[in-house]
2 protein chains.
Amino acid sequence: MVTALAALAHEHRLAAYRLLVEAGPPGVAAGEIAARLGLAASSLTFHIQALLRAGLVTQRRASRHVIYAADFTAMNDFIGFLVQNCCGQGAVACTPCAPPQTNLNQAQSA
Amino acid sequence: MVTALAALAHEHRLAAYRLLVEAGPPGVAAGEIAARLGLAASSLTFHIQALLRAGLVTQRRASRHVIYAADFTAMNDFIGFLVQNCCGQGAVACTPCAPPQTNLNQAQSA
DNA sequence: TCCTCATTTCGATAATCATGGAAACATCAA
DNA sequence: TTGATGTTTCCATGATTATCGAAATGAGGA
């Protein structure tokens, strides 16, 4: 869990992650993330690998591009951990992290 | 928020914070935290100041001791931020972070 | 094959973080 | 005041992180 915390504990990585959350399952190509964040390509790789190692994002290839996408299940687990371990009172997590509906005709519910 | 994430993104600091969550409002003295974590006093100060700067813990003096306690409101805000910004779907936070009932006859409900 | 585009790996550099010992500071009790 | 205890500040050291340019890798297209 420290890995996930550390992964998000940086301005650029948190921004990258939020970008991916907004984008949902279609994800965003590495180059575009770098451009939007104003980072050199190699720096983006450095940061996004921290997110990848923490399991917070997934990676897939689409022809020449490498597409990254937020892993909503991992975020649920992450928040669940915080609620269970860093709140008193035996608090129960009820965080319905789920991808936004970018396009209603894209079925991706299972 | 990056400050809070970074504050928790270290083995020793996360352990210290969890200790304070368990202890609740009575809190724990600096020396005892250091002892339980197996840290030099100066190292503990270094770490706990990160938590303090992030607003996750409070500090008070009790005679010679300096007592640290978890700030549950801050943790609620922190988790609220994560849910709102790092989950898709406009998820709503419902995290009831509250101190554990260590002693039922200690009134501390506001 | 050769060229181009997209991304990652490598290397160097500067900055920040983590650690604990020693000294200083604060509080209380004789 | 002196002494004991608890905590923080200061300092030096080693480790890790963040950055980007240059070179290498991978994947298409002509």
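What you see is a predicted model; the values in this text were computed from it and never measured. Throughout, a chain's letter reflects where its sequence line sits, starting with A, and its residues are numbered from 1.
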Rounded to whole Å, how long is the line connecting atom CZ of A:Arg36 with atom P of C:dA6?
16 Å

Let me know the distance between NE2 of B:His65 and C1' of C:dA26, rounded to the nearest Å.
13 Å

To the nearest Å, give me how far apart CG (B:Leu5) and C1' (D:dT17) are.
17 Å

Separation of D:dA27 atom C1' from A:Arg60 atom CZ, nearest Å, is 16 Å

More than 12 heavy atoms of other residues, nucleotides or ligands under 6.0 Å from CD of B:Gln59: yes or no?
yes

Is a side-chain donor or acceptor of B:Arg13 paired with a backbone partner of B:His47 at a separation under 3.5 angstrom?
no

Are any of A:Tyr68's side-chain N or O atoms less than 4.0 Å away from OP1 or OP2 of C:dT8?
yes

A:Glu32 CD to C:dA6 P, straight-line distance once rounded to whole Å
12 Å

Do the non-hydrogen side-chain atoms of B:Cys86 and A:Phe72 ever get within less than 4.5 Å of each other?
no

With heavy-atom distances below 4.5 Å as the criterion, would you say the side chains of B:Glu22 and B:Arg18 are in contact?
no

Just how far, in rounded Å, is P of C:dA6 from CD of A:Gln59?
17 Å

Tell me the interatomic distance from A:Arg61, atom CZ, to C:dA6, atom P, rounded to whole angstroms.
12 Å

Counting only non-hydrogen atoms, which of residues 9-19 of chain A are less than 4.0 Å from DNA chain D?
A:His10, A:His12, A:Arg13

Could you tell me whether B:Ala34 contacts a base, only the sugar-phosphate backbone, or nothing, with contacts defined as non-hydrogen atoms closer than 4.0 Å?
nothing

Is A:Glu32 salt-bridged to A:Arg36, cutoff N-O under 4.0 Å?
yes

Under 3.5 Å, which N/O atoms of the protein pair with N/O atoms of nucleotides 1-5 of chain C?
unit_1, atom_1, unit_2, atom_2, d
C:dC5, O4', A:Arg64, NH1, 2.9

Where along residues 38-51 of chain B does a heavy atom fall under 4.0 Å from DNA chain D?
B:Ala41, B:Ser42, B:Thr45, B:Gln49

Hydrophobic cluster identity match, B:Ile67 and B:Leu56, side-chain contacts under 4.5 Å
no

Just so I know, are the side chains of A:Phe46 and A:Leu39 near enough to count as touching, which here means a heavy-atom distance under 4.5 Å?
no

When clusters are formed by joining ILVMFWY residues with side-chain heavy atoms under 4.5 Å apart, either directly or through shared neighbours, do B:Val2 and A:Ile48 land in the same one?
yes

Can you check whether A:Val21 reaches A:Pro99 side chain to side chain, under 4.5 Å on heavy atoms?
no

SG-SG distance A:Cys97 to B:Cys87 under 2.5 Å
yes

Taking the side chain as every heavy atom from C-beta outward, state whether A:Ile33 and A:Tyr68 have any atom pair closer than 4.5 Å.
yes

